[in-house]
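Structure, as structure tokens:
Naming: A, B, ... by sequence-line order, numbering from 1 per chain.
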Number of protein chains: 2
Amino acid sequence: MINEDQMIEEMFNLDGDLTERQKNILAAAIESFAEKGYSATSTKEIAQKAGVAEGTIFRHYKTKKELLMSIVTPMMIKLMAPIIIKDINKVLNHDHETFEDFVRAMIDNRRKFLKNNVKIIKIFIQEIPFHPELKEQFMEHVGSKVFTRLRQIIEHYQEKGQIINLPIDTVIRLTGSTIIGYFVTRYGILPDADWDDEAEVDSTVKFLMKGLAPEQ
Amino acid sequence: MINEDQMIEEMFNLDGDLTERQKNILAAAIESFAEKGYSATSTKEIAQKAGVAEGTIFRHYKTKKELLMSIVTPMMIKLMAPIIIKDINKVLNHDHETFEDFVRAMIDNRRKFLKNNVKIIKIFIQEIPFHPELKEQFMEHVGSKVFTRLRQIIEHYQEKGQIINLPIDTVIRLTGSTIIGYFVTRYGILPDADWDDEAEVDSTVKFLMKGLAPEQ
DNA sequence: AATAAAAGTGAGTACTCACTCACTATCGGG
DNA sequence: CCCGATAGTGAGTGAGTACTCACTTTTATT
């Protein structure tokens, strides 16, 4: 079986060939945007941190906002693509017999990615309220597709009688709150606490399954 | 029985006597900070929106940041005070016989407040990553106290055998994720969807109770 | 080695920023 | 009715701000 993550990587050809300096600029921008926010970060500051003249930034990115977008957009696609491409097939092919299998696979699968991209995700979450284009782009390219897929998946397991017959959007909200709540506390709020990840994930998934169990 | 909210109001004497212009400044600042963020909002803009000279802002607030703090701090205290003052007593006095009673009371109690203060809470959440003083102030004045109280409350219901014997912090995380997840989707992400609030709260609380039920 | 395209530079531009200050207007107590 | 205090003003200040452009250096292709 081929490496599916690699497949996705190539399919979108994200962050293609970059010069050394361009990589420095991106790294510096990510650092500063995450720490101080887009608006409070000056292009001068980014240039200094990247060891580059200010003009160099604008050679590659027409505006400061374009720089922001070039950081956030590829991450967004990489984060969501598996849900659209892989997960649904695995569900429909009965690779995940139970909803629990599916949830555990999803957490496992996304954990590494999240861990490696905390800063970019932080930027994305912090900036989304202030940049309508960002929200639109998200909804257009991934948001709506992801929701459609998730609805199909939930419906599938509801029909199999594995989860309670609440409105699908409510099930998505409860599942999302639980999983995102875990990731946010784990990597956002208390990244330095000593976590027993295996135990926490286990408690979280069991909590979710018990909570969503059908009324007997 | 006296009105406890009023008691809290008076106890802290929050947002005391303000001139008409000062109220305008606050309202304008809240509007702009929530919409564009603290950093992207200029004092000139606030002054114009408030119908006031720019100097007037600095007569009342030494710096722009002081203006931000004067908006966010009282809200923070008002939001958390009930947990510290009222809720714990009600629990220990057996006013809430079950954990479910407690959770429902807490949601009911905080809903109105949240609804009336969405913008300020939005500002608080958006700005906390960029202002260490804000985080410190929060932890010092309310955060730590609230967590201590919550731990006592959870422990109390665990001893009564009403909820599962997971680590207390895990229970707090799961409960918090579920409730905050509801409020965030309800008032933050999809405030304009047509919500059947009663049904949603009911599903949410039932989900939480089933998820936290002790192993039989 | 010649050459054109691409990458990199940094001083300069027009503009905005938070904040100041000398001044005026309003108000409440004796 | 006066007076001190508080509230309100808006032009002014120096330090940024994102972005430009004429120029130099590096790279790839023949």
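- One interatomic measurement links the two molecules: NZ of B:Lys23 to P of D:dG8, which rounds to 12 Å at whole-angstrom precision.
- For a distance-only test at 3.5 Å, the side chain of B:Arg59 qualifies as a donor-acceptor partner of the base of D:dG8.
- For B:Phe58, the listed nucleotide lying nearest its side chain is C:dA18; candidates were C:dT9, D:dA18, C:dA18.
- Both tests do not hold together for B:Lys36 against A:Phe130: distance to the six-membered ring centre under 6.0 Å, angle to the ring axis within 45°.
- Partners of A:Arg21 according to the salt bridge (charged side-chain N to carboxylate O under 4.0 Å, His left out) rule, which considers only residues two or more places apart in sequence or in another chain, do not exist here.
- A donor-acceptor contact closer than 3.5 angstrom links the side chains of B:Asp197 and B:Tyr182.
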Quiz prompt | Contact letters for nucleotides 10-16 of chain D, in which S counts primed atoms plus P, OP1 and OP2 and B counts the base, heavy atoms under 4.0 Å | solution = B------
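- We find that NZ of B:Lys65 is positioned 18 Å from P of C:dC17, with the value rounded to whole Å.
- Geometrically, A:Lys78 does not engage A:Phe113 in a cation-pi contact, judged by NZ or CZ lying under 6.0 Å from the ring centre and within 45° of the ring axis.
- For B:Lys64, counting side-chain heavy atoms from C-beta on, the closest listed nucleotide (C:dC19, C:dA7, D:dC19) is C:dC19.
- Side chains of A:Glu127 and A:His131: a donor on one and an acceptor on the other come within 3.5 Å.
- Counting non-hydrogen atoms of other residues, nucleotides and ligands closer than 6.0 Å to CZ of B:Phe147 gives a total of 12 or fewer.
- Between the CD1 atom of A:Ile57 and the P atom of C:dA7 there is a distance of 16 Å, given to the nearest Å.
- A side chain to side chain contact (heavy atoms under 4.5 Å, CB included) with B:Ile163 is found for one member of B:Leu212, B:Thr175, B:Leu208 and no other, namely B:Leu212.
- Taking side-chain N and O atoms only, B:Thr43 has a distance below 4.0 Å to OP1 or OP2 of C:dA18.
- Atom P of nucleotide D:dA18 and atom CD of A:Glu66 are separated by 15 Å, given to the nearest angstrom.
- For the pair A:Asn24 CG and C:dA7 P, the interatomic distance rounds to 15 Å; values are reported in whole Å.
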Restricting both atoms to N or O, compile the protein contacts to nucleotides 3-6 of chain D shorter than 3.5 Å, with distance only.
none

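- Note: B:Thr41 OG1 to B:Ile30 CD1 = 12.0 Å, rounded to the nearest 0.5 Å.
- In this structure, A:Tyr61 places its OH atom 16 Å from P of D:dA18, rounding to the nearest Å.
- In this structure, A:Ser39 reaches neither bases nor backbone, as no heavy-atom distance under 4.0 Å exists between it and the strands shown.
- Close to D:dG8, at under 4.0 Å from its OP1 or OP2, lies a side-chain N or O of B:His60.
- The line from CZ of B:Phe33 to CG of B:Leu67 is 4.5 Å long, rounded to the nearest 0.5 Å.
- Rounded to an integer number of Å, the gap from B:Gln22 CD to D:dT9 P is 13 Å.
- In this structure, the nucleotide among C:dA18, C:dG8, D:dC19 sitting nearest to the side chain of A:Thr63 is D:dC19.
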